[in-house]
Each structure stands twice: as C-alpha cells, then as structure tokens.
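Order of the sequence lines fixes the chain letters, A, B, ..., with proteins taken first and strands second; residue numbering starts at 1 for each chain. Just so it is clear, the model here is predicted, and its values are computed rather than measured.
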Number of protein chains: 2
Amino acid sequence: MATEKNTTRDRILEATLNLLQAGGGGGVRMSDIASTVGISRQALYLHFPNRADLLVAASRHVDDKNDIEGRLVPSRTAKTGRERLAAWIGAFGNYIPIIHGVAKALLAMKDTDTAAMTAWNDRMQAVRQGCAAAVDALEADGDLFDGLTSEEATDWLWMLVSVRNWEHLCRECGWSQARYIEVMQQTAARTLIAR
Amino acid sequence: MATEKNTTRDRILEATLNLLQAGGGGGVRMSDIASTVGISRQALYLHFPNRADLLVAASRHVDDKNDIEGRLVPSRTAKTGRERLAAWIGAFGNYIPIIHGVAKALLAMKDTDTAAMTAWNDRMQAVRQGCAAAVDALEADGDLFDGLTSEEATDWLWMLVSVRNWEHLCRECGWSQARYIEVMQQTAARTLIAR
DNA sequence: GTGTCAACTTGACACTATGTCAAGTGACGT
DNA sequence: ACGTCACTTGACATAGTGTCAAGTTGACAC
C-alpha cells in the first residue's frame, strides 16, 4: 500500500502518524517524534520549518498512503442522489478514523497557529465540496427537502460529518464504526430528503 | 440581573468572561485578566489556584448570572414529548452563545489539563441529562423513531446540540441564531420522531 | 499609638515546549 | 585531499504558567 521510500523525511512522517494515532492526537512533541525516528530534535527542522508544517505534511502523507481518490469513486459514480448521499457519508465517515490523529492535532493548533488554521480550513473546504456535490445530486433528482436551501443543506451535512461529531459518538459514547455510518446515513436521509 | 458583589473575586470573574467573550475564547492569558482587573498577575493566584480552576469558576458564574434554571422551565413543563424536544433545543441552543467564550477556552484545555477535562465533562454530563429527558418524553408518548435505541437517540441529540456544532453553523457558516434554532429543532424532529 | 492581619505588590525563578544559531563530525563522491 | 550533505551537540531566546519570598498598605482592635 505505502511506497516505503524510507528517506528520513518519510520516516519522520510515519513516526509522526504512529505517535498521533497512538496518543489520540494529543501531546506529541517534536522531541518525541525525533527520538522515535532516532534522530536529534534539531534534525526535524532540517526537513520541516515548524510543527504546523510537519503536521500538514503528515496529513497529506495519509492521503497518499490511503488512496483517497479511490475511496470517492462509489460516491462519484452513484446513479441517484440518495445513493450518492449514502456513498459520500460512507466514504468520508470511514476515512475519519484513519486521519483522526493528525486531524485532532491540527484542530488543536488551529486556534493559536494561523498556518495550521489555513491548512485545516483548506482540507475542510474540500470536504464541503463533497457535501455540496451530494446535496446537488439530491436537488437534481428533486429529492431535496424544501425546508432548507441547498446552501443550508450543505452546511448542515458538513456539520454532521465533522471529525468532532465522529469523535463524540465513536470515542466518547462508544459507538461502533459500522453503527456510526448507519446512523449518519439514516439521519442525513431523514433530514435532507423530501418526504 | 447580576448581583454585582464587586469583591475582587467577582471582578476577576467578570473580567475573565468579558475577555473570553471579546477574544472568541482564544488566547486570553492570566496577565491579560490581571491587568484588566487592575491587579497583579500574582494576585490572581491568591483567588484561584490555577487557570483551569479560574475558567471553571467563570463558567459557574455565567450560570449564576443568567438564570440557567429559569431557562429550563419551558422544557420541563412541556405537555408532549415533541414540545419538550423543541423547548430543550431552544433553551440550550440559546444559552450556547452566552457560554461560548468560556466553553471554548475550557474545550481547548481539555486535551492537556485533566482538571479542565473533568470540569468540562461534568458540565456536559448535565447537558446529556437534558437530552435524555427529552428523548424519554418522546418515548413515553410512543413517538420515538424505532431505528434508534433511546440511548442512541440521547447520544445523537447530545451531539447535535454540541457547542462545536453551534460554532460551525453560526460562526463559520454565518447562520443567524434564530435560523440555527429552527433548523436544529426541525432536524431533531425529523430524525427522532417516528413517522 | 501600637500590633496584627489580610489583601495585594514586586521581583526573581523553575518549568515546558517551540524555534534559532553556531560549530563540529563523519561518510561519500570526485 | 576537498567539498558537501545529513546530521549532532549544546547554547540560547521566547512565551506562558505556576511558585516563592519579602515587602507595603490600610483597616480594625486594644
């Protein structure tokens, strides 16, 4: 799956991801990453100018490793709006646990670090595109609930599939991943599809 | 409304709330609070052992000032489950903007500071109680959608009314407070009430 | 007046984590 | 032999929290 390049840069990214995944996204320091890779803390700064850039690079690295494009094929090729909505929620919802570590770390930096904020916003804007596409497909079928504008429906779906909400249900409330996907699909259908 | 006690302690809490409200919950330092009150930074530690305790006290102070109990009366006295659900979402949803500053600051500390985490969890557990009461009322009327257990319905409603989701729609997407309440009520009704 | 107590001030310091700077080492290619 | 690249070592700046010790000030008691 991964094209293990084994350069120091890639080893740094791998170590970062492992630590973030293990530590639940919190409290991973530059020195932790360095010692895991087996290099000095300062050597990290030869590869990444700062912590925010390292985290952003790590999040792109996850996408590369996990065939983000392939995951979206079922959503893009869905025949109906309803199918597209379910496929989108399935695809993105199942991707969340994979990026969760990095996402949480970036999310935590968002409030203090402007670089981290822009990077996170960029990524989230892409998610909004996915939501908009699903809403548009529903609307094209005449299936969109008329109590919401398509803009509102997009914002709402974007909120529904947020990392925070996944964290809430799957981590804090102990839901299984499968049940999370089921309920989110059901919820979205009941709220967004006209009766 | 507030019983302006004007002790140093109260002036600290007021200043903290004002700064958090103004600064959007981020980047308020102990020294900022001290200089706003007009005392030395060290004097803060004569009243509160640390930043987490100060924030927690500030959040309790908000409750005292804003008649949290009174706000819940319409929800508790609702005649039907449907009414109770709408009243609860209205009451809590309209309280979020008031506590938002403090909530965000506490939320940011949650990942690093265990004291902040327990305090926040306590408060959120109370919110879950409110959600559970609304779900129970629906169930008592036989109106609860049978695709969800009552536990699941509670978790889901708890997620729906989270501070993060309010932030997402009202701050990031620019929804009005009134529209936020409307759509959340609609969403909850469509998802939780049997057809 | 004198004593004392509480609230507050001033200033120094420890700690943690990020990020910077400068000088040095060791392997590898030519 | 020479340079260069990737890395090391160690010192240092900065920001913010929290701690410690030694004052100051004002009110109240006697």
Quantify the bending of the helix from dG1(C)-dC30(D) to dT30(C)-dA1(D) as the angle between its end axes, each fitted on five pairs, to 10°.
20°
What is the distance, to the nearest angstrom, from the CD1 atom on Ile39(B) to the C1' atom on dT9(C)?
11 Å
Charged N-O contact under 4.0 Å between Arg60(B) and Asp63(B)
no
Could you tell me whether Glu151(B) and Arg128(B) have a side-chain N and a carboxylate O separated by less than 4.0 Å?
yes
With a cut-off of less than 4.0 Å, is there a side-chain N or O of Thr8(A) near OP1 or OP2 of dA6(D)?
no
To the nearest Å, give me how far apart CG (Asp53(B)) and P (dG18(D)) are.
9 Å
Verify the contact: side-chain N or O of His47(B) to OP1 or OP2 of dA7(C), cut-off strictly under 4.0 Å; return yes or no.
no
Pair Trp156(A), Thr191(A): side-chain N/O donor-acceptor within cut-off below 3.5 Å
no
Scan residues 42-76 of chain B for pairs that pass ring pair (Phe, Tyr, Trp, His ring centres under 6.0 Å), counting only residues two or more places apart or in two chains.
none
Which pairs count as ring pair (Phe, Tyr, Trp, His ring centres under 6.0 Å) when at least one residue sits in residues 87-111 of chain B, sequence neighbours excluded?
Trp88(B)-Phe92(B), His100(B)-Trp166(B)
Show the atom names and distances, to 0.1 Å, of all donor-acceptor pairs under 3.5 Å that link a side chain in residues 132-143 of chain A to residues at least two apart or in another chain.
unit_1, atom_1, unit_2, atom_2, d
Asp141(A), OD2, Gly81(A), N, 2.7
Asp143(A), OD2, Arg82(A), NE, 3.0

Round to a whole Å and report the spacing from CG of Leu46(B) to P of dA21(D).
15 Å
Main-chain N/O of Thr114(B) paired with Thr118(B) side-chain donor or acceptor, under 3.5 Å
yes
Closer than 4.0 angstrom, basic N to acidic O: yes or no for Lys65(B) and Glu14(B)?
yes
For nucleotides 9-16 of chain D, read 5' to 3', which letter fits each nucleotide if B means a protein heavy atom sits under 4.0 Å from the base, S means only the sugar-phosphate is that close, and - means neither?
BBB----S
Figure out the OH/P separation between Tyr45(B) and dT17(D), and round it to whole Å.
6 Å
With the threshold set at under 4.0 Å for non-hydrogen atoms, list the residues of residues 100-115 of chain A touching DNA chain C in residue-number order.
none
With side-chain hydrogen bond (donor to acceptor under 3.5 Å, both in side chains) as the criterion, how do Ser59(A) and Arg123(A) come out once you've worked through the C-alpha distance, each side chain's angles and the decisive distance to 0.1 Å?
CA-CA 9 Å; Ser59(A) 77; Arg123(A) 312 225 46 189; 2.9 Å; yes
Give the rounded distance in Å between these two atoms: CZ of Phe48(A) and C1' of dT20(C).
18 Å
Atom CG in Leu44(A), atom CZ in Arg51(A): separation rounded to 0.5 Å?
11.0 Å
Are side-chain heavy atoms of Gln177(B) and Leu169(B) found at a separation under 4.5 Å?
no
Take atom CG of Leu55(A) and atom P of dT18(C), then tell me their distance rounded to the nearest Å.
10 Å
